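Since the model is a prediction, treat every value here as computed from it, not as a measurement. Chain identifiers are assigned alphabetically (A, B, ...) following the order of the sequence lines, protein sequences preceding nucleic acid strands; residue numbering begins at 1 within each chain.
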Amino acid sequence: MNKSHRGSVKLEDCEIIAHKKYEADQFVLTLASDYISNNTKPGQFVHATVSEKLLMRRPISIMSVNSKENTFDLLYKVVGDGTRELSKRKVGEQISVMGPIGNGFNFDSVKRPIMIGGGVGIPPMVALAQQLNLKTQKPLAIFGSEVEFPFEMEITDKSYPFIENPATMSLLHEWGIDCLLTSNSDFQGVYKGYVTDLARDFFNTLSAEELKEVKIFACGPDMMLKAVKTLASQLNVECELSLEEFMACAIGGCAGCVVEVETETGKSMKRVCVDGPIFDANSIFQ
Amino acid sequence: MNSNLKVNYCGIELNSPIVLLSGCVGFGEEYTRIDGFSNSDVGAVCLKGTTNEPRLGNQPHRIYETPDGMINAIGLQNPGSDFVINDILPTLDKTETKFIINISGSTIEEYGELAKKFDQTDIDAIEINISCPNVKEGGVAFGNDPDMSYRVVEICRQNTTKPLITKLSPNQTDIAYSAQRCIDAGSDGLAVINTLMGMAIDIDSRKPFIGNNQGGLSGPAIKPIALLKTHQVYQVSKKYNVPIIGQGGINSAEDAIEFIIAGATTVGVGTALFYDPLICHKINDGISDYLLRNNIKNISELVGSLQLNDFSSPCDS
């Protein structure tokens, strides 16, 4: 009787260490937790109580961890009652958090991880970037947003055939990871187009040998994920997608958060919370 | 566990009156992922609704939050009875708690087959789900017709000697009559209530939020209804010593005690786990404290102890 899964998820009250507002109702919430900051795999999420006014918890992706300070960051955008209530929470208050939950990305042996994040799909990509080994991996992050980016940016002196002096996310720059930004709005140093347009331009700069080393990781709106899946399929590269869905228990008990998945034995409904949230692109959006 | 929480339900000795409800805790292991959660803190775990053949369930979205509750329409997703019997039941730790299988059929015969199959297993009891609001065939269609309910329970009774619990639908006119028919057909226990049918609409798209269009409403929002239904069913079930699992929006020890006073022998906890996964400790402790405070030796003394108001003359207005 294998019971190794038992006790892997902690339920704790986490103090709000920082709660920073960005443009377009986007927020970065920093919470204190020894356990989550030291036991999270990229792609995992927490299930948080946002307010006493709302019963149900909200699943939110972990964006980054700080194992020295024992904190972790969440990025969210106000889109409904839950995130609106969460945005009112103040530094010093406690939030009930359950986590870390989910399977996480398979990225260890990937030589060229390409991380594509759209809007509030950016956080799992940042989490992945944080855990890469730059001695053996040559990553690139591509982040898209139709509103101002929810993080500090800076202009680099890099040059690509499709963009000169691109803007980048300062945090990833600090970590030594190349990051390009894209939007259909006009922002300085930001490529104009969809994430897949930028990704396609980038892949055109790679040799056939280099392309074989690529694996795409993506998180964002379904429309974007479907376009990324198509691109990966056209290029014949591996691709993992991070999904989101309304969740009740977030621990596999209620089967409320499923996605239709193709398996060797046929169609199956998998739980986004514990079977995911990361799925092989070939198995979904059929 | 405090000994005053021990309770006998349909001949099964439970360490606590708490029953984790079908559909909320998968097949018994899922919540143990959470540090501090243990099946040994509850009297019984009722496993996910199981049909003869595997079911994929409904298309997403399957859940939506509503004021003080939520709507769900899972659609009985399950791997089928053979998989449950061969691959899941053997992995359960029977020393921790008692396990109840919840069965659902699209025909009366299917209920009979399921009862027969699970009769051959070491499951502690069988719950007959005649009240699932989220499937097109069977489910609540049986539960809203007392004569059909009778026939479902009757065929299960013919096929098992295990304790049979019938989960009643609140989406019917006279739940007490339905309870009577289920008892007549041989039900050993009753579960009161399943979810209430509800809907939530996205006013931008003018579509229901739930893929199945409608679903079952649960959570504290339905507690007063569940409590009244428990009281109504108890008026019938007490004559036959048929115990009730009282359920619907239980959120605290006080809620659980209300259900017990109304006539429940055990109390079901479901939706509350979603927002407070470690709530069972609090409910156990709260009930135990209440019993001590009121000098009640065992929970059974509290069952159905409701003192109704009885004013012989109407108030002057």
- [ ] Examine whether an atom of A:Ile101 lies under 4.5 Å from a heavy atom of chain B, and if so say whether it belongs to the side chain, the backbone or both; otherwise answer neither.
- [x] neither
TODO: To the nearest 0.5 Å, tell me how far B:Ile71 CD1 sits from A:Phe246 CZ.
DONE: 11.5 Å
Task: Spatial distance of atom SG (A:Cys254) from atom CE (B:Met70) [nearest 0.5 Å] - done: 6.0 Å
TODO: Please indicate whether A:Glu93 has more than 12 foreign heavy atoms, meaning atoms of other residues, nucleotides or ligands, lying under 6.0 Å from its CD.
DONE: yes
Open item on the list: Are the side chains of B:Pro60 and A:Met269 in contact, using a 4.5 Å heavy-atom criterion?
Closed with: yes
Task: Working for side chain to side chain contact (heavy atoms under 4.5 Å, CB included), residues A:Val274 and B:Glu30 - done: CA-CA 9 Å; A:Val274 293; B:Glu30 279 76 5; 5.8 Å; no
TODO: Look only at the side chain of B:Arg33 and the backbone of A:Ser8, and say whether a donor-acceptor pair between them is shorter than 3.5 Å.
DONE: no
Task: Spacing of CD1 belonging to B:Ile34 relative to SG belonging to A:Cys249, to within rounding of 0.5 Å - done: 8.0 Å
Open item on the list: Quick check against the 3.5 Å criterion: does B:Arg62 have a side-chain atom that pairs as donor or acceptor with the backbone of A:Ala255?
Closed with: yes
Open item on the list: Does A:Gln286, at its CD atom, have more than 12 non-hydrogen atoms belonging to other residues, nucleotides or ligands within less than 6.0 Å?
Closed with: yes
Open item on the list: Heavy-atom count check: over 12 atoms from other residues, nucleotides or ligands less than 6.0 Å from A:Glu244 CD?
Closed with: no
TODO: Name the option with the most non-hydrogen atom pairs under 4.5 Å to chain B; the candidates are A:Gly252, A:Ser96, A:Cys257, A:Ala248.
DONE: A:Ala248
Open item on the list: Can you confirm whether more than 12 heavy atoms, excluding those of A:Phe279, are under 6.0 Å from its CZ atom?
Closed with: yes
Task: Atom group of B:Leu273 that falls short of 4.5 Å from chain A, counting heavy atoms - done: neither
Open item on the list: Check this for me: A:Glu15, atom CD, are more than 12 non-hydrogen atoms of other residues, nucleotides or ligands nearer than 6.0 Å?
Closed with: yes
- [ ] Tell me, with the steps shown, if A:Lys3 and B:Thr32 meet side chain to side chain contact (heavy atoms under 4.5 Å, CB included).
- [x] CA-CA 9 Å; A:Lys3 304 286 183 194; B:Thr32 66; over 6 Å; no
Task: Between B:Gln77, B:Lys48, B:Glu65, B:Gln59, the one whose heavy-atom pairs under 4.5 Å with chain A are most numerous - done: B:Glu65
TODO: Over all heavy atoms of both residues, which pair between B:Ile74 and A:Gly256 is shortest? Give the atoms and the distance, please.
DONE: CD1-CA, 3.6 Å
TODO: Inspect the surroundings of NZ in A:Lys88 and state if more than 12 heavy atoms from other residues, nucleotides or ligands are less than 6.0 Å away.
DONE: yes
Open item on the list: At a 4.5 Å cut-off on heavy atoms, which part of A:Glu12 comes close to chain B: side chain, backbone, both, or neither?
Closed with: neither
Task: Part of B:Asp68 lying under 4.5 Å from any heavy atom of chain A - done: both
Task: Steps toward salt bridge (Lys or Arg N to Asp or Glu O under 4.0 Å) verdict (A:Arg6, B:Glu96) - done: CA-CA 14 Å; A:Arg6 289 190 166 189; B:Glu96 292 180 327; 2.8 Å; yes
Open item on the list: Heavy-atom cut-off 4.5 Å, strictly under: side chain, backbone, both or neither for A:Lys53 against chain B?
Closed with: neither
Open item on the list: Between B:Cys24, B:Pro67, B:Gly69, who has the most heavy-atom pairs with chain A when the cutoff is under 4.5 Å?
Closed with: B:Cys24
Task: Minimum side-chain heavy-atom gap B:Phe274-A:Arg57 below 4.5 Å - done: no
